[in-house]
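Some notes on the structure that comes next.
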Protein chains: 2
Amino acid sequence: MDELHKDYSMKPAELTRAISDSLPEMRKSERKVAEFILANLTEVIRMRIVDLAESAEVSEPTVVRFCRAVGCDGFQDFKLALAQQLASSPSYGQIAVTDADSVAEYTFKVFDSTVDTLLKVRDSLDLDMLNRAVNAICAANRVEFYGFGASAAVAFDAQHKFFRLQVSAAAYADPHLQNMSATSMAPGDVVIAISQSGRTTTLINAIEQVKSRGAIVIAIAPSDTPVAMAATIPLTIDAKEDIQIYTPLSSRIAHLVVIDVLAIGVAKHKGGQLQEHLLDLQHGLEALRVPQNN
Amino acid sequence: MDELHKDYSMKPAELTRAISDSLPEMRKSERKVAEFILANLTEVIRMRIVDLAESAEVSEPTVVRFCRAVGCDGFQDFKLALAQQLASSPSYGQIAVTDADSVAEYTFKVFDSTVDTLLKVRDSLDLDMLNRAVNAICAANRVEFYGFGASAAVAFDAQHKFFRLQVSAAAYADPHLQNMSATSMAPGDVVIAISQSGRTTTLINAIEQVKSRGAIVIAIAPSDTPVAMAATIPLTIDAKEDIQIYTPLSSRIAHLVVIDVLAIGVAKHKGGQLQEHLLDLQHGLEALRVPQNN
DNA sequence: ATTTTCTTGTAAATTATTTACAATGGATGA
DNA sequence: TCATCCATTGTAAATAATTTACAAGAAAAT
């Protein structure tokens, strides 16, 4: 009976994985369908059920049963879901770079896995926390960014970004400076602590310092980590981080984008007069550049 | 007659734009369809032609005529194309953040526009240049990164990244240091010059210095800019950069990802012994962290 | 070996899409 | 202002696609 295949609803992004996963527990003819589909992903989305049935050497109802088995409403629904997944991450399921990959392949994989990470992070963000973070930043006199290692670069980028928005921003990657900064924070001020591991001892110390001064700590770190838990406003980001050789570190990019979101939020708060300021900045920078040639 | 609408074939990514573009020259009822579709993008992909016709208050054949007018084969084909486009950039056509947006809205828009940029950059990369860049880096004794402003953060991130790969890397955002570094480069060494504008005078000077020393300059900059043109190996990236108030600066993220690609390429060249090194690094960093709690 | 249950396909019914054609309505010129 | 023509739209029929119901055939179990 069909009910051995659970009818759980799923996001389109998980379709091909769902297919591969349930391959072993499929019936023979359904498996024929699955195998044909996996081998001809891009073609399938433009096929009619009759063609697909013929190609997979099964009957049409079997195709429909297959679609239901992987959680879709019917064949049309399946095609739609497949089309969406293919559009969103073309090399899904084989994102890890391998030795054999050509330049073209690993380039695409790096981009695709980054995109993948971003979309996952986007969907798992706590918007309420985000809002609180924006409000806190807007209310603060000073905003400072702490981070080590790869997160130091993120912190400097953030500083640059907020500077543009007329926010008094600083970034420290030196524990001593962080400490000095921390002790000089006043109530209402904001420190944004960035960590990929969420477990950096020095950073946690600095956070405690800042909190003892009555300032607010926004953490950008994985959930259930000391850094996230120590923060006043935790922005948790769980981009899984392989330390594997061929895996790019996407989480720092997710961190940057989250900071972009904060910056946009602050820009919205500040409203129109900022536009003018940004144009001024632009003009100022123009002096450092070669004249535009068009 | 229908033939006033040209039957040009197009990439799915341009569908909604094609719709908006041809809106003015559409017939009244076709426009009703177009407007309804643009206002209900996500719903439409799961609608049947009858529902859509009813919602748009037109007949079914009109819907089909509309689909043909925008370059599709029929209604099914249209839905498929739309689904693919939506999957690849979910809030296409309304990515610019507006004053009225809620936290949820602008968060999604920031992520989506970043994703959008990445996918565009991915598709426009010159893989041959990329390959040459990887080879140059692998052959170099020293690799240094130059960048100002937002690109300085990118440069520091890159330094960190390559350091992990046992590449002797440095990053300079100070023109004086850049100059000193430039004059000490030897033939075969590599400088990676990062610029969002591609027109920073100081950077161009440094590039000329480096070239005169016989070293290789890889540029990460927009095409047709002095920086790109001065480089030995230009990696051109044309993420359009609005200086608008509510637009995130996605190009620096594209730059980071391109550097990720370079890093993966170098890692592949270096091969297996690197794995061990990365694990060592990991262990070393562990000492700076709170013990894992699971 | 026989019965039961699961799997698959055939054929029919349903449902969706497309085509052909007719009616409407607006524009143009008398 | 009315008649005529052509562009536009809808109606209804035809075609095509998908889904359901059921029966035949395998496989498994007793």
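Order of the sequence lines sets the chain letters (A, B, ...), proteins ahead of strands, with each chain counted from 1. These numbers were taken from a predicted model, which means no experiment stands behind them.
- Between A:Phe66 atom CZ and C:dT8 atom P the separation is 13 Å, expressed in whole Å.
- With rounding to whole Å, A:Lys28 atom NZ is found 16 Å from C:dC6 atom P.
- Heavy-atom distances under 4.0 Å link DNA chain C to no residue of residues 33-40 of chain A.
- Screening residues 31-40 of chain A for salt bridge (charged side-chain N to carboxylate O under 4.0 Å, His left out), with sequence neighbours left out, gives no hits.
- Rounding to the nearest 0.5 angstrom, the gap separating the CG atom in A:Asp123 from the CG atom in A:Leu118 is 11.0 Å.
- Look at A:Thr62 and you'll find a side-chain N or O under 4.0 angstrom from OP1 or OP2 of C:dG9.
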List every contact pair, protein side and nucleotides 15-19 of chain D side both N or O, where the distance is under 3.5 Å.
| unit_1 | atom_1 | unit_2 | atom_2 | d |
| --- | --- | --- | --- | --- |
| D:dA17 | OP1 | A:Arg48 | NE | 3.2 |
| D:dA17 | OP1 | A:Arg48 | NH1 | 2.2 |
| D:dA17 | OP2 | A:Arg48 | NH1 | 2.5 |
| D:dT18 | OP1 | A:Gln76 | NE2 | 3.2 |
| D:dT18 | OP2 | A:Ile49 | N | 2.8 |
| D:dT19 | OP2 | A:Phe75 | N | 3.2 |

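- If you take CD of A:Glu54 and P of C:dT10, they are 12 Å apart, rounded to a whole angstrom.
- As a whole-Å value, the separation of B:Arg65 CZ from D:dA7 P is 14 Å.
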N/O donor to acceptor pairs below 3.5 angstrom from side-chain atoms of residues 74-82 of chain A, sequence neighbours left out:
| unit_1 | atom_1 | unit_2 | atom_2 | d |
| --- | --- | --- | --- | --- |
| A:Asp77 | OD1 | B:Arg46 | NH1 | 2.1 |
| A:Asp77 | OD2 | A:Asp73 | N | 2.9 |
| A:Lys79 | NZ | A:Met47 | O | 2.9 |

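- Every residue two or more places apart in sequence or in another chain that forms a side chain to side chain donor-acceptor pair (under 3.5 Å) with B:Ser59 is listed here: B:Thr62.
- Annotation: side chain to side chain contact (heavy atoms under 4.5 Å, CB included) contacts of A:Ala34 (sequence neighbours excluded): A:Ile19, A:Leu23, A:Met26, A:Phe66.
- Between A:Phe111 and B:Leu119, every side-chain heavy-atom pair lies at or beyond the 4.5 Å cut-off.
- Applying the ring-ring contact (aromatic ring centres under 6.0 Å, His included) test to residues at least two apart or on different chains, none of the pairs has a partner in residues 20-64 of chain B.
- Note on residues 15-35 of chain A: no pairs pass ring-ring contact (aromatic ring centres under 6.0 Å, His included), not counting sequence neighbours.
- Contact check, A:Ser29 against C:dT8: a side-chain N or O comes under 4.0 Å of OP1 or OP2.
- A:Val63 comes within 4.0 angstrom of no nucleic acid atom, judged by non-hydrogen atoms across all strands.
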What pairs of donor and acceptor atoms, side-chain ones from residues 124-133 of chain B against any protein atom, are under 3.5 angstrom apart with sequence neighbours left out?
| unit_1 | atom_1 | unit_2 | atom_2 | d |
| --- | --- | --- | --- | --- |
| B:Ser124 | OG | B:Lys120 | O | 3.3 |
| B:Ser124 | OG | B:Val121 | O | 3.2 |
| B:Asp126 | OD1 | B:Asp128 | N | 3.0 |
| B:Asp126 | OD1 | B:Met129 | N | 3.2 |

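- Between the CG atom of B:Leu80 and the C1' atom of C:dT17 there is a distance of 15 Å, given to the nearest Å.
- Between the NZ atom of B:Lys32 and the P atom of D:dT8 there is a distance of 15 Å, given to the nearest Å.
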